[in-house]
Colleague: 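Structure provided below as structure tokens; questions to follow.
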Amino acid sequence: MRILETTVASPTTIEEAWTMWKSYDEAITFIAGGTFLQTKWEKGAAVPSKMLHLGGISEYKQIYMDTESQIHIGSFVKLAECKNHPLIIKKLPQLSQTIEKIAAPAVRNLGTIGGNIANQVGDTIPLLLALDAEILYLNKDGKQRIDLQDWSKMTEDSIILEVIIPFDNRESYLFTKKIGRREAFSTSVVTLAGKLTIKENQLCNVRIAAGGGETQPMRLRNVESILKHAPIVDSNILKKVYQTVMTEYQPVEDAFYSSNYRLKVASNLLISELEKWSGEYGGLYK
Ligand SMILES: Cc1cc2nc3c(=O)[nH]c(=O)nc-3n(C[C@H](O)[C@H](O)[C@H](O)COP(=O)(O)OP(=O)(O)OC[C@H]3O[C@@H](n4cnc5c(N)ncnc54)[C@H](O)[C@@H]3O)c2cc1C
């Protein structure tokens, strides 16, 4: 780890953070829990010379449901708090399960949900993509709200303030799976999530997203399209889904796993979830 002289500004409100951010001429690194950045520094990345510590901001630390049944999670909510929050346990247990698989309690007590999303490879992202989550963020144009998938394509810096998840009561099958080297405390080979929404015995909405390791999570739109238009999820469709994941998903390889291995894991994982689902629903006829 290269340690240079670093200055850290610690605002206590968003307004103060914005004023401090504006006052810098050069690029500044945001830091919340610091647990992701720590992994980068341990691998040899230079510690930035200027940081804006967002973890001391008193706002955006709540989780609540608004009158339109949307769940708001403040960016600076710690992973552990999010995992154990009664609203999340009741309405979105899959998010609790996803967080349970991230690192260990000590890391989850420091790391934030905003940091997990902002690092672009966090394990919560596939599930949030499957849930059509939106991001409330702050940049020079003020506060803006945007789909998570569009936020992740933005090149301009912004501070994430909230993740907003539409909660719909329609019958749906929501799943999330992480395959790591061990059952717990392991980086992800593949993290997969999906939401299959059923209306009048038809699949009316399909979301499938995959990520893991250094791969930026992505929606698998071709796979979604096959499932949405399939009259029945049978072995032919599953074969098509498998082949499409193999061509559509583009996992990054690292020292431990090849891209091809990650592809096979993602495809098998999805087929296994779809089989489980179609077993529950007895296949799906339009
Ligand atoms: C031992 C260990 C194991 C880990 N295992 C996992 C794992 O299994 N799965 C996983 O997903 N992660 C894992 N992590 C990474 C990390 O703990 C989580 O991703 C955590 O949620 C990051 O949150 P943070 O607040 O610590 O982010 P930070 O490290 O503070 O920041 C992460 C990135 O996001 C930016 N950022 C932070 N907050 C904001 C914001 N509000 N707006 C805009 N940008 C922001 C920072 O500039 C930085 O680029 C692990 C880390 C460690 C140390």
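Just the heavy atoms: all of them, side chains too, but no hydrogens, waters or symmetry mates, feed the values below. As the structure lists them, so they are numbered: ligands from 1, and atoms in each ligand from 1.
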Colleague: Got a salt bridge between Glu273 and Lys195, using NZ or NE/NH1/NH2 to carboxylate O under 4.0 Å?
Modeller: no
Colleague: Answer yes or no: does atom NZ of Lys177 have more than 12 heavy-atom neighbours from other residues, nucleotides or ligands under 6.0 Å?
Modeller: no
Colleague: Do any N/O atoms on Gly33 end up under 3.5 angstrom from N/O atoms on ligand 1?
Modeller: yes
Colleague: Taking only non-hydrogen atoms of Lys178, do any sit less than 4.0 angstrom from ligand 1?
Modeller: yes
Colleague: Any donor-acceptor pair under 3.5 Å linking the side-chain atoms of Thr191 with those of Asp123?
Modeller: yes
Colleague: Is it the case that ligand 1 has an N or O less than 3.5 angstrom from some N or O of Leu110?
Modeller: no
Colleague: Would you say Asn116 and ligand 1 have an N/O pair spaced under 3.5 Å apart?
Modeller: yes
Colleague: Going by the order shown, which atoms of ligand 1 are within less than 4.0 Å of some heavy atom of Gly34?
Modeller: 24 (P), 26 (O), 28 (P), 29 (O), 30 (O)
Colleague: Can you check whether Thr124 has an N/O within less than 3.5 Å of an N/O in ligand 1?
Modeller: no
Colleague: Which of the numbered atoms in ligand 1 are under 4.0 angstrom from any heavy atom belonging to Ser158?
Modeller: 42 (N), 43 (C)
Colleague: Does the pair Glu16 and Thr12 meet the rule for a side chain to side chain donor-acceptor pair (under 3.5 Å), with working shown?
Modeller: CA-CA 7 Å; Glu16 208 184 337; Thr12 54; 2.9 Å; yes
Colleague: Looking at ligand 1, is there an atom of it that comes within less than 4.0 Å of some heavy atom belonging to Tyr60?
Modeller: no
Colleague: Below 3.5 angstrom, do we get any N/O pair linking Phe36 and ligand 1?
Modeller: yes
Colleague: Checking the N or O distance criterion of under 3.5 Å, is ligand 1 in contact with Ile160?
Modeller: yes
Colleague: Looking only at distance, does Val121 have an N or O less than 3.5 Å from an N or O of ligand 1?
Modeller: no
Colleague: Verify the cluster assignment for Leu138 and Leu54: are they in a single hydrophobic cluster under the rule of side-chain heavy atoms below 4.5 Å apart?
Modeller: yes
Colleague: If hydrogens are left out, which of Ile99, Thr29, Ile102 has an atom nearest to atom 13 (C) of ligand 1, that is, the closest non-hydrogen atom?
Modeller: Ile102
Colleague: Is the shortest N/O to N/O distance between Thr39 and ligand 1 below 3.5 Å?
Modeller: no
Colleague: In terms of heavy-atom contacts, does OH of Tyr24 have more than 12 from other residues, nucleotides or ligands at under 6.0 Å?
Modeller: yes
Colleague: Does ligand 1 have an atom under 4.0 Å from some heavy atom of Gly55?
Modeller: no
Colleague: For Lys22, which residues count as a salt bridge (charged side-chain N to carboxylate O under 4.0 Å, His left out) partner, sequence neighbours excluded?
Modeller: none
Colleague: Within the structure, does Ala32 bring an N/O atom to less than 3.5 angstrom of an N/O atom in ligand 1?
Modeller: yes
Colleague: Just wondering, more than 12 heavy atoms not from Lys240 lying within 6.0 Å of its NZ?
Modeller: no
Colleague: Are any of the N/O atoms in Phe30 less than 3.5 Å from those in ligand 1?
Modeller: yes
Colleague: Could you go through Thr98 and Thr176, starting from their C-alpha distance and side-chain angles, then the distance that decides it, and tell me whether this counts as side chain to side chain donor-acceptor pair (under 3.5 Å)?
Modeller: CA-CA 7 Å; Thr98 301; Thr176 170; 3.2 Å; yes
Colleague: Just jot down the salt bridge (charged side-chain N to carboxylate O under 4.0 Å, His left out) partners of Glu15, sequence neighbours excluded, or say none.
Modeller: none
